[in-house]
Student: 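Structure incoming, see below.
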Number of protein chains: 2
Amino acid sequence: MTRDPGGTPPGWRSVRKPASIKDVAAAADVSPTTVSHVLSGRRPVAEETAARVRSVVNRLGYVPASLARSLQAGFTSVVGLLIPDISNAFFADLAKGAEDAAHDLGYSLILCNTEFDPEREDRYLGMIRSRFIDGMVYAAGSPPSRQRLEALLGSFPIALADEEVEGLEGALIATADHEAGGRFVGNHLRELGHRRALALTGPRGLKSSTARASGFRQAFRGDVVERIGDFKESSGHRLVAEFLAEQRNLDATAIFAANDLMAFGAIAALREAGLAVPRDVSVVGFDDIRVASLSSPALTTVRQPAYDVGRTATAQLLQYAARGAVPPASRHTLPVELQVRDSTAQPAR
Amino acid sequence: MTRDPGGTPPGWRSVRKPASIKDVAAAADVSPTTVSHVLSGRRPVAEETAARVRSVVNRLGYVPASLARSLQAGFTSVVGLLIPDISNAFFADLAKGAEDAAHDLGYSLILCNTEFDPEREDRYLGMIRSRFIDGMVYAAGSPPSRQRLEALLGSFPIALADEEVEGLEGALIATADHEAGGRFVGNHLRELGHRRALALTGPRGLKSSTARASGFRQAFRGDVVERIGDFKESSGHRLVAEFLAEQRNLDATAIFAANDLMAFGAIAALREAGLAVPRDVSVVGFDDIRVASLSSPALTTVRQPAYDVGRTATAQLLQYAARGAVPPASRHTLPVELQVRDSTAQPAR
DNA sequence: TTGTATGCGTTATCAG
DNA sequence: CTGATAACGCATACAA
């Protein structure tokens, strides 16, 4: 990318060239070295000299170029956060936790929103190879990334957040206890008297999704039919509509959706088919996004500590990345919590 | 900040030192210049030479250090987005628009989440002075920032998103049509038959809030009592609770909240006081965040094009910032839309 | 078609 | 207490 290829159009105010450390040094009649030390305090400077330098710094509005500083230092104090969709409340909370942790450690955070687009993801992962960021918190929520990650994982500071990538061991990972979440839901529905359920999962190859489903089956103990979705509201809607169309009568009395969004899609589809929640069918989500408690009926769901996942992953990562180290494998499992609300009840019959 | 002050603990895998352009040049038996040109294509290179270089590049996994490139080029292709709270759906959507625009133009986006904390805001604004970012999209949603901004606005590429800062003219700004939104609400309530309303505003000094209120008054034409809040759910709750406590009987039949969050707070407070929405009181919000359509009752509100505001502000800003120019004053007003749902009805009287 | 020398702005090293 | 010099890694003007 070339700066100003055709010349700046007339009338544009150009950013005036900022003062450099040399300018300050010249104006204060000292060496750049001294200016640097006045500002950093890394070695003693005569008070008189220091005062003179500071005055020039103020007058010229000098601020050290962080770019040059980083080049010399070998690190940037910037960390990336790769997520599929910031407008999904779960990832927004995760991002908030990541940003907080980064800020606390003196880091800035680059938002890498991929929209599930592999090309976009590639471009962002490139930032770590070009050493523009010191590390990457990876929360892609989409499976195809494995190959790309494999090459990076051993050589660069990367942390997995929320989602472990199947086949990729040896990573630093912070995740909610998906399996426990699944078990909580299974227990809850079983205790209510449900015996046959429809499970709407996330994409194949996502460990979180698998873990939830497996915990659920284990605790539910009844019949479970599975349908594979993609975490979007539309897919929840479609899967349930298809399911209803496929069979004469709905034999499942409960639906366990892979996330709240899909649960809402499912509820919409049920409504359109004339089925009431929870009277005819109980529905459970996962995540406990804000909407869950405000919607009607309020959604029974599993609260995932999105903020903590983001915060933990970032804090752990930076502990290593800040020293130029690749984090060793370690797992941080955060507790989840069942939120029983109004979308689940005993089966009608 | 010093890298690795105490020496890296034993057992830590350090990031191996990446290949530089010199390493590649040496291994391919050419000059760094040639390597540079093979990669950039900015001048012809003999196919044989180029092939050799490319092979070495692959073998060493060489990726140009973007830091050094930026230092030499004088710009970073990074833009900042300053917002108060990414977990607020409005700002999450705005961020998504900003990120999309940035990505389309080859930029990365640094998320500056301030939590309304002036110190944090200062730190982030410093990034623009240290030239780590080429520009800043400013959507602080909080008034105190004026002084800080003033110094920057004329000299650095900054765009205001959603919120203009009172007293700061001459800026590039993209905003929703707040006044029209207020008018829409005023008309709607008047047409329903309301004559006396409570307006819950945002913080003093926010032009968006003022504009909404003024549009509202103008179109409503009835009595309006104003209470000042801070855009948070809790403040909506508190203001309404206080309002109810202050007077014997609730004489307002409608509430216009400065945003959806405050509207939900208001509804909660009304419920606690035994008042039903919309039977006893109509409530209108602003923003149309996702919850608004899913809550019960579904909230009548004004849809703000958050994504477009973020996208427009960023795209416009980068048009200048990418060429090292300060954007001239210009205003981009985006249309809003009244969403009539179930939280408004004729007054009971 | 290729290479040499220089500079981007800073900090670390070494010398005084 | 202070300064000259080199180096970070790259791109470019100039030279051949």
Side-chain angles (χ1 to χ4, degrees), chain A residues 1-5 15 17-53 56-57 60-77 127 129-132 134 324, chain B residues 1-5 15 17-53 56-57 60-77 127 129-132 134 324:
Chain A
M1 194 174 320
T2 313
R3 179 81 148 206
D4 197 8
V15 177
K17 194 181 175 193
S20 80
I21 198 170
K22 279 186 193 168
D23 301 326
V24 175
D29 201 38
V30 295
S31 74
T33 306
T34 298
V35 176
S36 174
H37 286 121
V38 168
L39 263 36
S40 71
R42 292 173 99 79
R43 89 179 181 190
V45 176
E47 186 44 51
E48 193 188 5
T49 313
R52 188 155 30 97
V53 168
V56 173
V57 164
L60 301 187
Y62 168 69
V63 178
S66 46
L67 223 51
R69 200 197 290 254
S70 292
L71 180 62
Q72 134 75 27
F75 63 95
T76 61
S77 291
M127 293 200 315
R129 311 196 78 122
S130 74
R131 285 145 289 156
F132 193 81
D134 292 345
Chain B
M1 191 173 322
T2 312
R3 179 82 148 205
D4 197 6
V15 177
K17 193 181 177 196
S20 81
I21 197 170
K22 277 186 192 166
D23 301 327
V24 175
D29 200 37
V30 294
S31 75
T33 306
T34 298
V35 175
S36 174
H37 286 118
V38 167
L39 262 37
S40 72
R42 291 173 100 80
R43 90 178 182 191
V45 175
E47 185 43 52
E48 194 189 3
T49 312
R52 190 155 28 101
V53 168
V56 172
V57 164
L60 301 188
Y62 169 68
V63 178
S66 44
L67 222 52
R69 199 198 290 256
S70 292
L71 180 61
Q72 129 78 25
F75 63 94
T76 61
S77 292
M127 293 200 315
R129 311 197 80 121
S130 74
R131 285 145 288 156
F132 193 81
D134 292 346

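Both backbone and side-chain heavy atoms feed into the values below; hydrogens, waters and symmetry mates do not.
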Student: Are any side-chain N or O atoms of B:Thr76 and backbone N or O atoms of B:Phe132, one a donor and one an acceptor, separated by less than 3.5 Å?
Tutor: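 Pair found, side chain donor or acceptor close to backbone of B:Phe132.
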Student: Quick one: label B:Thr49 by what it contacts on the DNA or RNA (base, sugar-phosphate, nothing), any heavy atom closer than 4.0 Å.
Tutor: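 The answer is sugar-phosphate, as B:Thr49 gets under 4.0 Å only of primed atoms, P, OP1 or OP2.
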Student: Taking A:Arg131 for its side chain and B:Val63 for its backbone only, find out whether a donor-acceptor pair lies under 3.5 Å.
Tutor: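 Yes; at least one donor-acceptor contact below 3.5 Å.
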Student: If you take atom types as modelled and just measure distance, does the side chain of B:Thr33 reach the base of D:dA11 with a donor-acceptor pair under 3.5 Å?
Tutor: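 Answer no: no donor N or O sits under 3.5 Å from an acceptor.
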Student: If the test is side-chain contact (heavy atoms from CB on, under 4.5 Å), which one of A:Val38, A:Val45, A:Val53 qualifies with A:Val30?
Tutor: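 Single side-chain contact (heavy atoms from CB on, under 4.5 Å) partner of A:Val30 among A:Val38, A:Val45, A:Val53: A:Val53.
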Student: Nearest whole Å is fine: how far is D:dG9 C1' from B:Tyr62 OH?
Tutor: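 Nearest whole value for this atom pair: 7 Å.
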Student: Can you tell me how far P of C:dT10 sits from CZ of A:Phe75, to the nearest Å?
Tutor: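 From A:Phe75 CZ to C:dT10 P: 16 Å.
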Student: How close or far is atom C1' of C:dT10 from atom CG of A:Leu39, stated in whole angstroms?
Tutor: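 Nearest whole value for this atom pair: 11 Å.
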Student: Take atom CD1 of B:Ile21 and atom P of C:dT4, then tell me their distance rounded to the nearest Å.
Tutor: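 Result: 14 Å.
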Student: How many whole angstroms separate atom CG of B:Leu67 from atom C1' of C:dT11?
Tutor: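 Rounded to whole Å, this separation is 14 Å.
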Student: By nearest heavy atom, map A:Ala19 and B:Ala50 onto DNA chain C; which one lands nearer the 5' end?
Tutor: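 In this pair, the answer is B:Ala50.
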Student: Do any side-chain nitrogens or oxygens of A:Thr34 fall under 4.0 Å of OP1 or OP2 in D:dT2?
Tutor: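 A:Thr34 to D:dT2 OP1/OP2: no side-chain N or O under 4.0 Å.
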Student: Look at the side chain of A:Arg42 and the base of C:dT11, then say whether one donor and one acceptor between them are separated by less than 3.5 Å.
Tutor: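 Result: no qualifying N/O pair found.
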Student: Using a cut-off of less than 4.0 Å, is there contact between a side-chain N or O of B:Ser20 and OP1 or OP2 of D:dG9?
Tutor: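 Checking D:dG9 against B:Ser20, no side-chain N or O comes under 4.0 Å of OP1 or OP2.
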Student: What is the distance from CZ of A:Arg131 to C1' of D:dC10, rounded to the nearest Å?
Tutor: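 So the two atoms are 11 Å apart, to the nearest Å.
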Student: Between the base of D:dG3 and the side chain of A:Arg43, is there any donor-acceptor pair under 3.5 Å?
Tutor: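 Side chain to base: pair found, below 3.5 Å.
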Student: Show the numbers, then the answer: is there a side-chain contact (heavy atoms from CB on, under 4.5 Å) between A:Asp23 and A:Ser20?
Tutor: CA-CA 5 Å; A:Asp23 301 326; A:Ser20 80; 3.5 Å; yes
Student: For A:Lys22 and D:dG3, what is the distance between atoms NZ and P respectively, to the nearest whole Å?
Tutor: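 In whole Å, D:dG3 P lies 16 Å from A:Lys22 NZ.
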Student: Between atom CZ in A:Arg69 and atom C1' in D:dG9, what is the gap in whole Å?
Tutor: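 It is 18 Å, rounded to the nearest whole Å.
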Student: Applying a 4.0 Å non-hydrogen cut-off, can you work out what B:His37 is touching in the nucleic acid: base, sugar-phosphate, or nothing?
Tutor: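 It contacts base atoms.
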Student: Any chance you could lay out the side-chain contact (heavy atoms from CB on, under 4.5 Å) test for B:Thr33 and B:Arg43, step after step, and finish with the verdict?
Tutor: CA-CA 10 Å; B:Thr33 306; B:Arg43 90 178 182 191; 3.6 Å; yes
Student: Is a donor-acceptor pair below 3.5 Å formed from side chain A:Gln72 to base C:dG9, judging by atom type as modelled?
Tutor: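 Absent.
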